[in-house]
Amino acid sequence: MKHTVPIVLTILAVSAGAFAQDQAAIDKALLAAPGNLKAAATVIKWKSDFTYDTLKKGTGRLVCYDKSGQPNLPPFIVECTSEGNLARAAQNMKIEAMGDKDKVQAALDAAEKNGTRVKPEFGSVWYHFMGADQEHARNHMTIAVPGATTQSLGLPDNNKTGGVWIMNAGTSTAHLMTPGE
């Protein structure tokens, strides 16, 4: 019996520590989520093989995660998007892990050209909160419109008019940009 109490206390301490770490990771990932979507969001943690563990199962379709420390990205970056975009997010991270910007862009271009580029859900939103650190991070939001063009949406494919425009028109990466975002 003497040995049981310390073992139980050790297990409780380790469990509490793991819970606190998970809660900190959940809180950090949710920084990218709009206020009205946070409570229902799922939070995941990406693994090195570009699969993930679920830290918090939500009731909505929004999924949030931390990308801080990944190659060619700001030092601090958390992101949220639709659960239907996780295959694209995984593909992005796998390619971005190559590190070299020219190699990354060549791989993305090749996947686009040969049709293996995973398409995001049309109309889905990508929310980012990114910067040098959390204190200097800013919000950025885009709306995925894969394949969209000026002709199909009636929006310009550049920012010269000052309104919403399609970046990367005609590709799987096409998305709506909004001034000030």
Side-chain angles (χ1 to χ4, degrees), residues 24-46 50 52 54-97 101 104-105 108 111-112 117-181:
I26 291 166
D27 293 345
K28 182 178 180 183
L30 288 173
L31 291 171
N36 61 339
L37 299 178
K38 283 184 187 199
T42 292
V43 177
I44 63 171
K45 181 177 181 175
W46 289 102
F50 308 105
Y52 57 86
T54 301
L55 301 179
K56 173 191 169 282
K57 179 67 179 144
T59 57
R61 295 196 69 231
L62 191 69
V63 180
C64 302
Y65 43 88
D66 186 1
K67 291 179 70 176
S68 301
Q70 293 184 7
N72 300 318
L73 295 176
F76 179 91
I77 180 168
V78 288
E79 181 173 272
C80 299
T81 192
S82 168
E83 63 188 5
N85 289 335
L86 291 179
R88 181 165 178 107
Q91 183 184 48
N92 287 348
M93 288 186 291
K94 185 175 183 178
I95 292 172
E96 290 164 354
K101 285 186 179 190
V104 167
Q105 192 58 57
L108 291 170
E112 184 74 34
R117 189 78 165 101
V118 177
K119 289 184 182 176
E121 289 182 338
F122 194 95
S124 62
V125 182
W126 294 77
Y127 301 98
H128 302 91
F129 186 56
M130 59 191 169
D133 53 38
Q134 183 176 338
E135 183 182 343
H136 297 96
R138 68 177 187 87
N139 290 306
H140 180 65
M141 176 194 72
T142 61
I143 301 168
V145 289
T149 63
T150 296
Q151 294 74 26
S152 67
L153 289 187
L155 294 170
D157 60 5
N158 61 62
N159 63 353
K160 292 182 174 62
T161 62
V164 173
W165 59 286
I166 308 167
M167 185 173 203
N168 301 327
T171 70
S172 70
T173 308
H175 57 279
L176 299 182
M177 297 290 290
T178 57
E181 269 296 310

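Treat the numbers as computed from the prediction; the structure is a model and nothing was measured.
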TODO: Evaluate the criterion side-chain contact (heavy atoms from CB on, under 4.5 Å) for residue pair T173 and E112; output intermediate values, then yes/no.
DONE: CA-CA 9 Å; T173 308; E112 184 74 34; 4.0 Å; yes
[X] to [Y] - nearest heavy-atom pair and separation:
X: A97; Y: P71; value: CA-CG, 4.0 Å
X: N72; Y: E96; value: ND2-O, 4.3 Å
X: S172; Y: P120; value: O-CD, 3.3 Å
X: S124; Y: S82; value: CB-CB, 4.0 Å
X: K28; Y: V78; value: O-CG1, 3.5 Å
X: C80; Y: A29; value: SG-O, 4.0 Å

Sequence neighbours excluded, which residues qualify as salt bridge (charged side-chain N to carboxylate O under 4.0 Å, His left out) partners of [X]?
X: K56; value: none
X: E121; value: R61
X: D157; value: none

Spacing of [atom1] belonging to [X] relative to [atom2] belonging to [Y], to within rounding of 0.5 Å:
X: Q70; Y: I77; atom1: CD; atom2: CD1; value: 8.0 Å
X: H175; Y: N168; atom1: NE2; atom2: CG; value: 5.5 Å
X: M177; Y: N158; atom1: CE; atom2: CG; value: 12.0 Å
X: I95; Y: R117; atom1: CD1; atom2: CZ; value: 5.5 Å
X: T42; Y: L30; atom1: OG1; atom2: CG; value: 9.5 Å
X: T142; Y: I166; atom1: OG1; atom2: CD1; value: 13.0 Å

Open item on the list: Any donor-acceptor pair under 3.5 Å linking the side-chain atoms of R88 with those of T81?
Closed with: no
Task: Minimum side-chain heavy-atom gap L176-L153 below 4.5 Å - done: yes
Open item on the list: Using side-chain heavy atoms (C-beta onward) and a distance below 4.5 Å, is F129 in contact with Q134?
Closed with: yes
Open item on the list: With a sphere of 6.0 Å drawn around OH of Y52, does it hold more than 12 non-hydrogen atoms of other residues, nucleotides or ligands?
Closed with: no
Open item on the list: Can you list everything that forms a side-chain contact (heavy atoms from CB on, under 4.5 Å) with V125? Sequence neighbours excluded, please.
Closed with: Y127, M141, I143
Open item on the list: Checking the side chain of T54 only, and the main-chain atoms of I44 only, is there a donor and an acceptor separated by less than 3.5 Å?
Closed with: no
Counting only pairs under 3.5 Å, give me each side-chain donor-acceptor contact of residues 144-151, with atom names and distances, residues two or more places apart or in other chains.
residue: T149; atom: OG1; partner: Q151; partner atom: N; Å: 3.3
residue: T149; atom: OG1; partner: Q151; partner atom: OE1; Å: 3.3
residue: T149; atom: OG1; partner: S152; partner atom: N; Å: 3.1
residue: T149; atom: OG1; partner: S152; partner atom: OG; Å: 3.4
residue: T150; atom: OG1; partner: L155; partner atom: O; Å: 3.1

- [ ] State which residue, out of V43, N85, L86, fulfils the side-chain contact (heavy atoms from CB on, under 4.5 Å) condition with V63.
- [x] L86
Task: Selection residues 54-75 - residue pairs positive for ring pair (Phe, Tyr, Trp, His ring centres under 6.0 Å), sequence neighbours left out - done: W46-Y65
